[in-house]
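Working notes for the structure below.
Source: prediction; values computed, not measured.
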Amino acid sequence: MSTTPPLIAVVIPHFQRQAGLLPKALASAFAQTIADRLHVIVVDDESPVPAQAEVDAHPEFPRAQLTVHRKPNGGAGSARNKALDLVPAGTRYVAFLDSDDDWRPNHLENALAVMGERFDGYFADWWSFNYPDQTNFERIGTLDKPHAPVSAQPPGFDLGVSPLEHILSDGGGLIQTSTVVYRFDRFPALRFREEFFNGQDFFFWMDLGAGGATFCFSTEVDCNNGEGINIYQGAGWGTERSLHRLRNELFVWTSVPRFYRLTDSQHRNNQRTIRNLQQDVVRDLLHRVRHGKAINFKLVRDILRFDPTFLLYAAAVPFRVLGEKLFRRSGSAPA
């Protein structure tokens, strides 16, 4: 067995209720054009479908390049942190892959080509089964402004701003975790903020930037988003999960000023995101009242704790909703 450290460690948190998803992700990792230089670390977050059973059914996966570790359930951030603790000494890069996603064969080779020695972080475009007619970059559109090119093939570009600036400019940015590769050897101690159920990935990218990391991206579609466990699925207004999701997202964005010194522009952008979420909370509550659905008042108290100004802002939302309905009925559009 070789004692040479891998070039890239692949971090896969695993929690799924459907068998067969993890093997597809693993197959895409071991089908990379530089697969011989990888070590894959799967952390089973007490998954209903155990990772070890999934791996055991596929003897073709190289065991010398694969670690499977099972831990008590703690969420995706906790699972990724455990995987980062298990990265072999001497590893230069870490790549993230969720257990229901899969990579195109050139993903890691593309990442290294675009990053070179200049950049510390990389992300790429991706395709989601939810939006079959558009890639992620096309759908969100926040990379439309010119970016300095850094490679012709694959088409790579300098992000040109910090991850903090990019993420706050549109309330989340478009850095999809399963496309990210970063210089682990420069940031070996960095870990995900486990207190956040949603948004640990946002904070990880922003923390990288706060530590001096520079980011680049490719317009190549490097990843396919799968249909496994997703904290956003089934969380539309009035559903069991919607208010919980909104509570978690408000926790993320109201926490940002605690960790970073924001410019006036960044503060305004963050406040815009918070106000939009607060408006969604009120609309969700109105939907529940109108349809006789239960309200979890503990979640409402949490929301008030995150931002006590919520009550002042929320008071105007019902009138806004009423105005929108009147405009629709009259065939007009609000200014």
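- Under the 3.5 Å distance criterion, the side-chain polar atoms of Thr91 are left unmatched by any main-chain donor or acceptor of Tyr93.
- Judged purely by atom type and a 3.5 angstrom limit, Ser28 uses its side chain to pair as donor or acceptor with the backbone of Trp103.
- Within 6.0 Å of NE2 in His58 there are more than 12 heavy atoms belonging to other residues, nucleotides or ligands.
- Residues Phe251 and Phe192 fall within the same hydrophobic cluster, defined by Ile, Leu, Val, Met, Phe, Trp and Tyr side chains chained together at heavy-atom separations under 4.5 Å.
- A donor-acceptor contact closer than 3.5 angstrom is absent between the side chains of His107 and Thr179.
- The shortest side-chain heavy-atom distance between Val10 and Val94 does not fall under the 4.5 Å cut-off.
- When the side chains of ILVMFWY residues are joined at heavy-atom separations under 4.5 Å, either directly or via intervening members, Met115 and Leu97 end up in a single hydrophobic cluster.
- For the pair His244 and Leu299, the minimum side-chain heavy-atom distance is below 4.5 Å.
- Counting only N and O atoms by type, the side chains of Asn136 and Arg139 include a donor and acceptor under 3.5 Å apart.
- With a 4.5 Å cut-off on side-chain heavy atoms, Val181 and Leu108 count as touching.
- Checked by atom type and distance alone, the side chain of Asn198 never pairs as donor or acceptor with a backbone atom of Asn248 at under 3.5 Å.
- Comment: Asp264 does not engage Arg268 in a salt bridge, judged by the lack of any side-chain N to carboxylate O separation of less than 4.0 angstrom.
- Of the possible donor and acceptor atoms, one in the side chain of Asn73 sits under 3.5 Å from a partner among the backbone N and O of Asp45.
- Taking the side chain as every heavy atom from C-beta outward, Tyr131 and Glu138 never approach each other to under 4.5 Å.
- Counting heavy atoms from C-beta outward, Phe215 and Phe123 have side chains that approach closer than 4.5 Å.
- Each of Arg37, Arg183, Arg186 was evaluated against Arg92; a single residue qualifies, Arg183, per the side chain to side chain contact (heavy atoms under 4.5 Å, CB included) test.
- At a cut-off of 3.5 Å, with distance as the only test, no side-chain donor of Tyr260 or Asn270 sits close to an acceptor on the other residue.
- A distance-only check finds a donor-acceptor pair linking the side chain of Gln65 to the backbone of Ala35 [under 3.5 Å].
- Residues Pro154 and Thr219 are not in side-chain contact: their nearest non-hydrogen atoms beyond the backbone lie 4.5 Å or more apart.
- Side-chain contact, Asn110 with Ser218: no donor N or O sits under 3.5 Å from an acceptor N or O.
- Judged by distance alone, the side chains of Asp307 and Thr254 never bring a donor and an acceptor atom under 3.5 Å apart.
- Donor-acceptor pairing under 3.5 Å is recorded for the side chains of Gln52 and Asp56.
- Checked by atom type and distance alone, the side chain of His166 never pairs as donor or acceptor with a backbone atom of Thr142 at under 3.5 Å.
- By the side-chain contact (heavy atoms from CB on, under 4.5 Å) test, Arg104 is found to be paired with Trp127, Val221, Asn224, residues two or more places apart in sequence or in another chain being considered.
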**Request:** Decide yes or no on side-chain hydrogen bond (donor to acceptor under 3.5 Å, both in side chains) for Gln278 and Arg275, but give the supporting numbers first.
**Result:** CA-CA 5 Å; Gln278 290 177 335; Arg275 295 304 177 224; 2.7 Å; yes
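- Proximity of Ile274 to Leu250: side-chain heavy atoms (C-beta onward) are separated by under 4.5 Å at one or more points.
- Residue Arg63 places its CZ atom among more than 12 non-hydrogen atoms of other residues, nucleotides or ligands, all under 6.0 Å distant.
- No side-chain donor from either of Asn269 and Ser169 sits under 3.5 Å from a side-chain acceptor of the other.
- Legend: residues meeting side-chain contact (heavy atoms from CB on, under 4.5 Å) with Lys24, ordered by chain and number and at least two apart, are Asp102.
- Between Ser178 and Asp98 there is a side-chain heavy-atom pair separated by less than 4.5 Å.
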